[in-house]
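These notes concern the structure reproduced below.
Predicted, not measured: the structure shown is a model, and the values here were computed from it. Sequence lines set the chain letters: A, B, ... in the order given, protein chains first and strands last, and positions in each chain run from 1.
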There are 2 protein chains.
Amino acid sequence: MNVINESGILGISTRLQRLSEQLRRDGFQIYKANGIDFEPKWFPVIYTLHFKPVLSVVELAAEIGYTHPSTISLLKELEKEKLIRSKKDKQDERKRLILLTEKGKKLLQQMQPVWQTMVDALTELTNTSNNIMKAIEEVEAQLNDKSFMDRTKK
Amino acid sequence: MNVINESGILGISTRLQRLSEQLRRDGFQIYKANGIDFEPKWFPVIYTLHFKPVLSVVELAAEIGYTHPSTISLLKELEKEKLIRSKKDKQDERKRLILLTEKGKKLLQQMQPVWQTMVDALTELTNTSNNIMKAIEEVEAQLNDKSFMDRTKK
DNA sequence: TCAATATATGTAGCTAACTACGTATACTTG
DNA sequence: CAAGTATACGTAGTTAGCTACATATATTGA
């Protein structure tokens, strides 16, 4: 017996987390194999700044769908790597505006082809009869409609 | 623009992790709402010991599909809760055998109906056109066949 | 039979998200 | 226009898995 199979759906949380970790580890190795010093978790920040070049911390957090403390810790790492920089907002002194550095913009260009091979590989990998990206979206929509908790209260 | 949608599949790792966390938090609240002091992460250990009452640390880790250090840390928590206990294997002095306590067995009985409502709710929640449990299994099978990394090397 | 290897368990420290809380600045309203 | 509320940012500490390394016991083969 393998409890992961037997217990089925009650282990879903762990299954999701472990698949996530595996993909992330591989993602890191793929950047490395392409001579790029970049971590998968930085992707949403850098990618967002490509399209919205100047954002405050909270705006950026909202864009990438993270909490602001998580975003701040990513920004600290990216600042250490000199991929982003920040400046005060003159209109609103509370805000810190985030921008890509020249190094960040250059790296972004270098990563484009790697991203393309990753998108292709992931598309192939997840092109199964139940598409995992669609499945995630569907479950998120279901949860939005009625939480897991509420569904246990009949 | 929401980068989570735009960047699509490259953010898959984060998406998986966050869905995992959300379901786990709700799981904890559901136990609590039913007056049960139990954490979702403990489930695989307790459930396995229900069917295989005496297992060594490594055997248990293999059953639940975790590394042994992760398993040890779960066992420490469960021992503190007095839900499990352990004893030395007389045949092999290296081994520590894990068992449910009476309290553990009793709690397990109390949790059965809660597990049933959770299974029902999760089944409803994930009963979408792309089934997420099947999708996970399919992706894991794909990865087993050929890793993400190898798929980027054309 | 004992040296080399394998296995079982344990510890330390990492990771990548989170919540809770605190402070500074801006906005609103009586 | 000042008091209360809201917003922006930051810090501290938690979580639930992991890898790398260390030690103890068992097994194997020359």
Handout entry: Spacing of A:L23 atom CG relative to C:dT15 atom P, expressed in whole Å
Key = 19 Å
Fill in the blank from the handout: Taken to the nearest whole Å, CZ/A:F28 to P/C:dC14 is 15 Å
Practice task
Respond yes when some side-chain nitrogen or oxygen of B:Y66 is under 4.0 Å from OP1 or OP2 of D:dG17, and no when none is.
Solution key: yes
Exercise for the section: Please report, rounded to the nearest Å, how far the P atom of D:dT19 is from the CD1 atom of B:I72. Expected result: 14 Å
Problem - A:E79/A:R96 salt bridge by N-O under 4.0 Å criterion - result: yes
Handout entry: Nearest-neighbour nucleotide for the A:R24 side chain, C:dA17, C:dA12, D:dG17 considered
Key = C:dA17
Exercise for the section: May I ask you to list the residues of residues 75-91 of chain B, by number, that have any heavy atom positioned under 4.0 Å from an atom of DNA chain C? Expected result: B:K76
Handout entry: For A:A121 against B:T152, the heavy-atom pair lying closest together
Key = CB-CG2, 3.7 Å
Practice task
Check whether any side-chain nitrogen or oxygen of A:R18 sits under 4.0 Å from OP1 or OP2 of D:dC18, and answer yes or no.
Solution key: yes
Problem - Side-chain N,O (A:T67) to OP1/OP2 (C:dC18) below 4.0 Å - result: yes
Handout entry: Electrostatic pair A:K88-A:E93, nearest N-O below 4.0 angstrom
Key = no
Completion exercise
Assign each of B:P69 and A:P69 the nucleotide of DNA chain D bearing its closest heavy atom; nearer the 5' end lies the nucleotide of A:P69
Handout entry: Spacing of A:E21 atom CD relative to C:dC14 atom P, expressed in whole Å
Key = 16 Å
Pairwise N/O distances under 3.5 Å, protein to nucleotides 21-25 of chain D:
from   : atom 1 : to    : atom 2 : distance (Å)
D:dT25 : O2     : B:R94 : NH1    : 3.4

Practice task
Would you tell me if any nitrogen or oxygen in the side chain of B:S56 comes within less than 4.0 Å of OP1 or OP2 on C:dT9?
Solution key: yes
Practice task
Measure from the side-chain N and O atoms of A:E59 to the backbone N and O of A:S56, and report whether any donor-acceptor pair falls under 3.5 Å.
Solution key: yes
Problem - Pair A:E102 + A:K105, salt bridge at N-O below 4.0 Å - result: yes
Handout entry: Options D:dC18, D:dA8, C:dA17, nucleotide nearest the side-chain atoms of B:S70
Key = D:dC18
Exercise for the section: Select base, sugar-phosphate, or nothing to describe what B:E39 touches, counting heavy atoms under 4.0 Å on all strands. Expected result: sugar-phosphate
Practice task
Measure from the side-chain N and O atoms of A:E140 to the backbone N and O of A:A135, and report whether any donor-acceptor pair falls under 3.5 Å.
Solution key: no
Exercise for the section: Could you check how far CZ of B:R96 sits from P of D:dA26, rounded to whole Å? Expected result: 17 Å
Problem - Expected output: side-chain B:S86 to main-chain B:I98 donor-acceptor under 3.5 Å - result: no
Handout entry: A:R24 with A:E39: basic N within carboxylate O range, under 4.0 Å
Key = no
Fill in the blank from the handout: B:L16 CG to C:dA17 C1', in whole Å, measures 13 Å
Practice task
Specify the separation, in whole Å, of atom CD of B:Q22 and atom C1' of C:dA17.
Solution key: 13 Å
Handout entry: Side-chain donor or acceptor of A:T71 paired with backbone N/O of A:T67 under 3.5 Å
Key = yes
Practice task
Select base, sugar-phosphate, or nothing to describe what B:E59 touches, counting heavy atoms under 4.0 Å on all strands.
Solution key: nothing
Problem - Side-chain donor-acceptor contact under 3.5 Å, B:W115 with B:Y31 - result: yes
Practice task
In whole angstrom, give the distance that lies between atom CG of A:L74 and atom C1' of D:dG10.
Solution key: 15 Å
Handout entry: Closest listed nucleotide, where the reference is the side chain of A:Q17 and the choices are D:dA16, C:dA16, C:dT9
Key = D:dA16
Handout entry: Under 4.0 angstrom between A:R25 side-chain N/O and D:dC18 OP1 or OP2
Key = no
